[in-house]
Amino acid sequence: MATTTEYPYIPSAEIDRTFAHTTNLASSALNTRILACSNEYFAAASNLLTPTAPINRPGVFIHTGAWYDGWETRRHNPAPYDWVVIKLGPRRAAIQGVEVDTGFFVGNYGEKAEVQATCSDADDATLADPNYAGWSTILPPQPCGPAQRRAWMLPGYDPRNPTPYTHVRLLMYPDGGFGRLRLYGHAIPAAARGEGVAAQAEEEEEELSSALCGGLALAASDQHYTPCSNLLLPGRGKDMGDGWETARSRAPGHVDWAIVQLGLPGSVSRVVVDTKDFRGNFPRAVRVHGLVKGEVGEAGPVAVPAHDHPGWVEIVKGDQRCQADTEHVFQGADLAAGVDAQAFTHVKLTLVPDGGVKRFRVFGRRA
């Protein structure tokens, strides 16, 4: 087994802080999905990708036995391990760390976990085949304990030249249950078009902020109910629980804010603030600002500007009134002059005074 020096172990109390500036790639909310597994007799492998933490329902039984929120296989596996193949939602992604959460599995947890990965455009059937030989181990077998979160940093991660992956395979030794798998990293944006179609590429509008393009939620004033990282997810979600919602404010002049690092720095042509599912708790108004490229110096792999950084400039003009359960689109005359000719690296969404927003999308042309 690899030493902890090679694969540094992250204590459970430090996992969220350590990976605060990453995206959980192993989430169904990011369109990540299960292709195949060796066995899921007691509980479905798809539970591994549930965006929220595992829950417990003691005393609840189904046809196969006790109900569990996770992936649980039969006892007495004759093979060395059970396995599950996962297709990542982003086209390509970099993985910085791995977490295995055994949730509420106590007498039936998997004793060790191994993670393999590959970068392949092969069809789903090929990748799901147990005989597929293209896997590389990115995390050798590591011990897992009962009802706990364990995480490891992967060696050799280079944010400026990351190794791309499209699929992962989780091995559970020898059998049992895992509550969640979390893969911390970021999407790798697709390359720009070649010179032969440069003129066409200049005309294309892209979603610069999406987590599927490498956008990252860096900081927020308040995340009392739900995290601001939900703002960058694809689609419009399913309910209030997969947006960003802050606590109620009481102080005069209060505002809440969230800062996003664009996956694709570029000019801005359109901004969408979606309050879907927020009906009695949407913000009264919103503001949108951006930082022009060069305003934030190098600060390691992720630059985290202050919310009161002097370089913030208006992208959307003034305070824009919001409505309940509405996709607000700001473009044309709603935008400040010159935003279509500048390269932005970060954007800030401000809620006046507080409330909830489902999605925050910034469209434009990459720099």
Are Leu30 and Leu212 side-chain neighbours, meaning at least one heavy-atom pair lies under 4.5 Å? yes
Any side-chain heavy-atom pair of Asn47 and Phe178 under 4.5 Å: no
Asp319: partners by salt bridge (charged side-chain N to carboxylate O under 4.0 Å, His left out), with sequence neighbours left out: Arg287
Under 3.5 Å, side chain of [X] to main-chain N/O of [Y], donor-acceptor pair present?
X	Y	result
Thr166	Thr118	yes
Ser267	Gly364	no
Gln148	Pro146	yes

Which atom pairs, one a donor and one an acceptor, fall under 3.5 Å between side chains of residues 120-129 and the rest of the protein, sequence neighbours left out?
| from | atom 1 | to | atom 2 | distance (Å) |
| --- | --- | --- | --- | --- |
| Ser120 | OG | Ala122 | N | 3.0 |
| Asp121 | OD1 | Arg92 | NH1 | 3.3 |
| Asp121 | OD1 | Arg92 | NH2 | 3.2 |
| Asp121 | OD2 | Arg92 | NH2 | 3.1 |
| Asp123 | OD1 | Ala125 | N | 3.1 |
| Asp123 | OD1 | Thr126 | N | 2.9 |
| Asp123 | OD1 | Thr126 | OG1 | 3.1 |
| Asp123 | OD2 | Thr126 | OG1 | 3.4 |
| Asp124 | OD1 | Lys87 | NZ | 3.3 |
| Asp124 | OD2 | Arg33 | NH2 | 2.8 |
| Asp129 | OD1 | Asn131 | N | 2.8 |

Parallel, tilted or perpendicular, as decided by the 30° and 60° cut-offs, for the rings of Tyr68 and Phe105: parallel
Could you tell me whether Lys317 atom NZ has more than 12 heavy atoms of other residues or ligands within 6.0 Å of it? yes
Under 6.0 Å from the CZ atom of Arg75, do we count more than 12 heavy atoms belonging to anything else shown? no
For Asn281, the side chain to side chain donor-acceptor pair (under 3.5 Å) test, sequence neighbours excluded, returns Glu245
Does either side chain, that of [X] or that of [Y], offer a donor lying less than 3.5 Å from an acceptor on the other one?
X	Y	value
Tyr184	Thr18	no
Asp340	Ser269	no
Asn108	Glu72	yes
Thr22	Gln96	no
Glu114	Thr137	yes

So does Asp277 pair up with Lys358, basic N to acidic O under 4.0 Å? yes
